[in-house]
Amino acid sequence: MHGWKAVLKREFTGYFATPVALVFIVIFLVLSGVFTFKLGGFFQRQQADLRPFFDFHPWLYLFLIPAVSMRLWAEERRSGTMELLLTLPITPWGAVVGKFVAAWLFAGLALALTFPIWMTVNFLGAPDQGAILTGYLGSFLLAGAFLAVGSVMSAATKSQVIAFILSVVVCLVLMLAGLPPVVDFIKDFAPVWLVDGVTGMSFLSRFDSVSRGVIDVRDIVYFVSVMGGCLLMTVMVLEGKKA
Amino acid sequence: MALIEVSKLTKRFSDTILAVDGVSFSVAAGEVVGFLGPNGAGKSTTMKMITGFLTPTSGSAHVAGFDVGEETLAAQQRMGYLPEGAPAYPDMTPESFLKFCAGARDLSGAARKDAVERAVSKTNLHGVLRQSIDTLSKGFKRRVGLAQAIMHDPQVLIMDEPTDGLDPNQKHEVRNLIKEMARAGGESGAGGKAIILSTHILEEVEAVCTRAVVISKGRIVADCTPAELLAKSRYHHAVTVTLYAPAGSRVREEMLNLGGVRNVEVAEAQQGRDGAAASYTVFPKDAGKVTAITPEVLGLCQQRGWRVAGVRTEEGRMDEVFRELTSGART
């Protein structure tokens, strides 16, 4: 883990050295607003909660998060700074964790900047603050899981476009794994344990329960282990490219 | 003790590509080793293995006593590395970039400030510290890379083509910087640094290196001082005389009759004011002798009344030795 703090700091400030941060945050805030109020029917529901807000996060993340994660490693490899980074006294784990945490904090910042919607719902009624808190927690965990998947894809290729497309596809598969079309399709022929396994893989169903205010330790553990597993895979890909 | 110890380093990229094939050498403090070889000879690959960016297929490299493969971090903390092309993050300024590198090297507070300040003044980066790196000229970018490599005053310095693409003044500056670091050993006092630099500019080897390692097709084909390398040249201690001789003079034959002359080549003839001048290159029989055969040749010219327009005693020609060593390895 040596050097992760230096990497974290460089990466995080790096987002703000280019228009990347501004564009991402503005688009995220605008889209989440549009989804919440137009598609989600925030006012029409006449309920003081943030369900319509959180329900669209997985779909927003599906495209926005790979756009952040695609550059994590592919850009370093293309520009040659990878050689610099890995010959500084920074271990692969240090570099992987530093980059990931920076990206996660950045996503967290974008998420935190949605606070006006929380103020709005509090102004209009008396929402369940606990459910809102777990909603934010679930959304943050989901963003982290997407980022970790994107980190592996970015480490595996020099091309940011390929990294983006692969991340979107893998995240989509992980998201939809537990939804009825997929489950209906495989339960005709697959054994029960496999159906359960695939359902358990789903980002969506777990995100749903966390964002409804149901904190199940298994859901938290699931997201954290997806992140840990993906970061381990990133390290392995980096080590593999040395040989 | 040697600060860099490379033993039987081998890198195979696929079944057909053997980039580095059993390379062994060592570099002591105070030495500046010039790594020479044609493009694709394995210079960069060897350096990437010494710095821990690539894992060797077999063999090992030790830096300051630490095995690069086993104790990567300890080895990397003790060396500075300038990768080919001096990559740096284009969106950062030299100041923030150097601070990042210092942070990665566990320097903080006053120590970090000192290290950045020292590296900046050694590489003359003061004027561009707050400008983003992608707007800098090639020379400045190179200096940013150098500053990053020397900021922690490392015992071992490895540079992949440090002067490539620089103008003559910048080359001169970089060479002086390298020589100074090899001698002084920086603030840490003891001895100098062990420095490896790769180049294909042959004059650079004569200008800064105490030793030359020539590599061709992944193997070391010569490991000696630049002077010894020159002595391998067939021009070593040869004399080239440009002279005007009356028509009908048998210059070449008479020179061949001098004692100690192995061969005479008539290099070029040019039309001058007083008739035709020709250059004769006289090769001595025993090139290893300390003295050249200049006096004998000039004596002959005087005796015959040939007007001498120019005399050059050769130490040897680096490019010729280089060609000989690196293309000869094929046969």
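Every chain is numbered from 1 and lettered A, B, ... according to where its sequence line falls, protein lines coming before strand lines. What you are looking at is a predicted structure, and each value in this text was computed from that prediction instead of being measured.
Looking at B/Met79, neither its backbone nor its side chain comes within 4.5 Å of chain A, counting heavy atoms on both sides. Contacts of B/Lys99 with chain A are absent, with no heavy-atom separation under 4.5 Å from either backbone or side chain. Contact annotation for B/Phe13: neither backbone nor side-chain heavy atoms come within less than 4.5 Å of a heavy atom of chain A. Looking at B/Ala88, only its backbone comes within 4.5 Å of chain A, counting heavy atoms on both sides.
Atom NZ of A/Lys241 has more than 12 neighbouring heavy atoms from other residues, nucleotides or ligands inside a 6.0 Å radius. Atom NZ of B/Lys138 sits in a sparse spot, with 12 or fewer heavy atoms from other residues, nucleotides or ligands closer than 6.0 Å.
Residues satisfying the side chain to side chain donor-acceptor pair (under 3.5 Å) test with B/Asp21, not counting sequence neighbours, are B/Arg219. Shown here are the side chain to side chain donor-acceptor pair (under 3.5 Å) partners of A/Thr114, two or more places apart in sequence or in another chain: A/Tyr136.
Annotation: maximal heavy-atom pairing with chain A below 4.5 Å, among B/Thr93, B/Leu73, B/Thr51, occurs at B/Leu73.
For residues 70-90 of chain A, heavy-atom neighbours of chain B at less than 4.5 Å comprise A/Glu76, A/Ser79, A/Gly80, A/Thr81, A/Met82, A/Glu83, A/Leu84, A/Leu85, A/Leu86, A/Thr87, A/Leu88, A/Pro89, A/Ile90, sorted by residue number.
The structure places CD of B/Gln77 at 5.0 Å from NE2 of A/His2, a figure rounded to the nearest 0.5 Å.
When all heavy atoms of B/Ala104 and A/Ala6 are compared, the pair lying nearest together is N-CB, 3.6 Å.
Within the 4.5 Å cutoff, no side-chain heavy atoms of A/Glu239 are placed close to those of B/Thr55.
Residue pairs meeting the salt bridge (Lys or Arg N to Asp or Glu O under 4.0 Å) criterion with at least one partner in residues 73-94 of chain B, sequence neighbours excluded, do not occur; the list is empty.
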